[in-house]
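Numbering of ligands and ligand atoms starts at 1, following listing order. Treat the numbers as computed from the prediction; the structure is a model and nothing was measured.
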Amino acid sequence: MSPAARILLVEDDPGLAAGLLSVLEAEGYHMTLARRGDDGLALAEAEAFDCVLTDLRLPGLGGLDLVRRLHAAKPTLPILLMTAHGTTETAIEATKLGAFDYLLKPFEMEDLIGLLAKAVDSGRRAGSAPEFDPQRLGPDAIIGRSRAMQGIYKELGRIAAKPVNVLIRGETGTGKELVARALYQHSDRAKKAFVAVNCAAIPETLLESELFGHERGAFTGAVERRIGRFEQAHGGTLFLDEIGEMGASTQAKLLRVLQERVIQRLGGKDVIPVDVRLVAATHVDLEAAMTDKRFRSDLYYRLNQVTVALPPLRERLEDLPALVGHLAAKHAAVLGFPPSAFPEDALRILHAHRWPGNVRELENVVRLALLRSRGYPVTAAVLLEAMANPVGPGVAAESPDLRRLVAESLAAAQRGDAIDVHARVIEAAERELFSQAIALADGNQAKAARWLNVSRVTMREKLRTFGLKAASDTDPGE
Ligand SMILES: Nc1ncnc2c1ncn2[C@@H]1O[C@H](COP(=O)(O)OP(=O)(O)OP(=O)(O)O)[C@@H](O)[C@H]1O
Ligand SMILES: [Mg+2]
């Protein structure tokens, strides 16, 4: 594309080299030839090229080693690998090491010319685009200077150190958990515990023992005493995430704890005083849930002494460039890429999207785009692809709730923060399966049991365990 572009060709076969040189010079490229891998590396390190085109098998230094060492020295210099020994292994290895792309010999000259133009273009953008500051801010920083976000910061400043329970609201992915942690860090309880419980990730049957603990023998399987989250958070902050998913019985117990400031472990007699600052979060419409009697209004008023309502991303698009910069820096570091820029046209594409998944969706798109770009600047094409399929093929069909539950449970387990991950995830999956099956069968247990190939007894047991309703003539609950 650019007639003045300088290309380094590393090729030991004199016939091939001569052919490539003449074709590419005719295209207007300024060509330099090296016949050995080590010579090629030295030349590329010493001089400014727009692209390196190299063979795989070379004397002195092999093509893959050349890619690795050159990419380490000049991460934005595009390298194209030509190979007659094309296996997927080589291809994967080459791209992993940082090659921009590869060509299988024999290839059409047109393909080479097209690829070369793309590579040169990409390398030049990388050179000219402003690099993102590797962020003095930590990965947990709240990004955004829009009016809406400034309002949030002021509110957080006013309430963080006050003894009030806070309800954080906002659509999925708007940063509720981030804000909960910020509240904690700016509170006078910052030196005490911050304990987080995701009410949606824990089956109702286990949530109460998770929150309040249990004594040994309190129920089948309670082989040891367990200290609950409330006790762990004593003196500090308890974050109840997805509070809208909490079942009726747990709501009742939680209300009592808030009123009386004491807990009782399940199966225990002792009354244990707890001093806990409660921060709750939800993306559901709690007012509607109250109308439907799914959420207690007395609990609502206890939790909601102050509300922080986070704006959806589409209402603060002016924060998009800063968010992209922050997320790109964060994930480039995780993925081991140099910080890479999102050029103007890419940002324009991001601007046009509605972001139903808010910052989390943006984060997924940025991560995937970085992964696909392998450290080179993110092009519009790559970005559109990442947005079309933010989770990658094969996973999209799965329930996002389950996938998220699994991810969150595993993350909690890695922090040493979860018990019975396997049992919980299986239980949640089962609950989903049985609840959908019985609904689809219009409450007909025999039909649902047949579909799932389980016995009627099992079906009845599961319905009872999960508190699901069957048709009245086959009512499982006696
Ligand atoms: N203002 C922001 N600045 C930087 N990162 C953000 C911001 N808001 C959200 N994020 C990031 O987006 C992701 C989702 O945020 P978070 O988990 O806090 O959302 P949430 O509101 O709790 O979502 P959900 O309702 O789905 O649980 C996190 O990785 C978080 O770090
Ligand atoms: Mg959350």
Undergrad: Take every heavy atom of Lys330, measure it against each atom of ligand 1, and state whether any distance is under 4.0 Å.
TA: yes

Undergrad: Out of Glu210, Glu215, Glu231, which residue meets the salt bridge (Lys or Arg N to Asp or Glu O under 4.0 Å) rule with Arg226?
TA: Glu210

Undergrad: Please check whether His326 reaches ligand 1 - meaning an N/O of the residue sits under 3.5 Å from an N/O of the ligand, judged on distance alone.
TA: no

Undergrad: Of Asn198, Leu362, Val179, Thr172, which has the heavy atom at the shortest distance from atom 26 (O) of ligand 1?
TA: Thr172

Undergrad: Please confirm whether the ring centroid of Phe230 lies under 6.0 Å from the ring centroid of Phe212.
TA: yes

Undergrad: By side-chain hydrogen bond (donor to acceptor under 3.5 Å, both in side chains), which residues pair with Arg169, not counting sequence neighbours?
TA: Glu287

Undergrad: Could you say whether the N/O atoms of Leu323 and ligand 1 ever approach to under 3.5 Å?
TA: no

Undergrad: Among Glu361, Glu363, Arg360, Arg316, whose heavy atom sits nearest atom 28 (C) of ligand 1?
TA: Glu363

Undergrad: With respect to Leu327, determine whether any N or O atom, backbone or side chain, lies less than 3.5 Å from an N or O atom of ligand 1.
TA: no

Undergrad: Does Asp241, backbone or side chain, put an N or O under 3.5 Å from an N or O of ligand 1?
TA: no

Undergrad: Out of Gly357, Ala200, Gly175, whose heavy atom is nearest to atom 19 (O) of ligand 1?
TA: Gly175

Undergrad: If you take all heavy atoms of Phe239 and Ala281, which pair is closest and at what distance?
TA: CE1-CB, 3.6 Å

Undergrad: Would you check whether Gly173 has a nitrogen or oxygen atom less than 3.5 angstrom from a nitrogen or oxygen atom of ligand 1?
TA: yes

Undergrad: What atoms in ligand 1 come closer than 4.0 Å to a heavy atom of Ile142?
TA: 1 (N), 3 (N)

Undergrad: For the residue pair Glu361 and Gly357, what are the closest heavy atoms and their distance?
TA: OE1-N, 2.8 Å

Undergrad: Please check if the side chain of His214 supplies one atom and the backbone of Glu224 the other of a donor-acceptor pair under 3.5 Å.
TA: yes

Undergrad: Side chain, backbone, both or neither: which part of Asn358 comes within less than 4.0 Å of ligand 1 when only heavy atoms are counted?
TA: neither

Undergrad: Ignoring hydrogens and angles, state whether a donor on the side chain of Gln150 or Arg147 is under 3.5 Å from an acceptor on the partner side chain.
TA: no

Undergrad: According to the side chain to side chain donor-acceptor pair (under 3.5 Å) rule, which pairs have a member within residues 187-196, sequence neighbours left out?
TA: Arg189-Asp275

Undergrad: Pairs of nitrogen or oxygen atoms closer than 3.5 Å, one from Leu178 and one from ligand 1: do any exist?
TA: yes

Undergrad: Heavy-atom pairs closer than 4.0 Å: do any link ligand 1 to the side chain of Ala141, the backbone, both, or neither?
TA: backbone

Undergrad: So if I count the atoms of ligand 1 from 1 in the order they appear, which ones are less than 4.0 Å from some heavy atom of Glu242?
TA: 27 (O)

Undergrad: Any donor and acceptor pair, going by atom type alone, linking the side chain of Ser373 with main-chain N or O of Ala369 inside 3.5 Å?
TA: yes

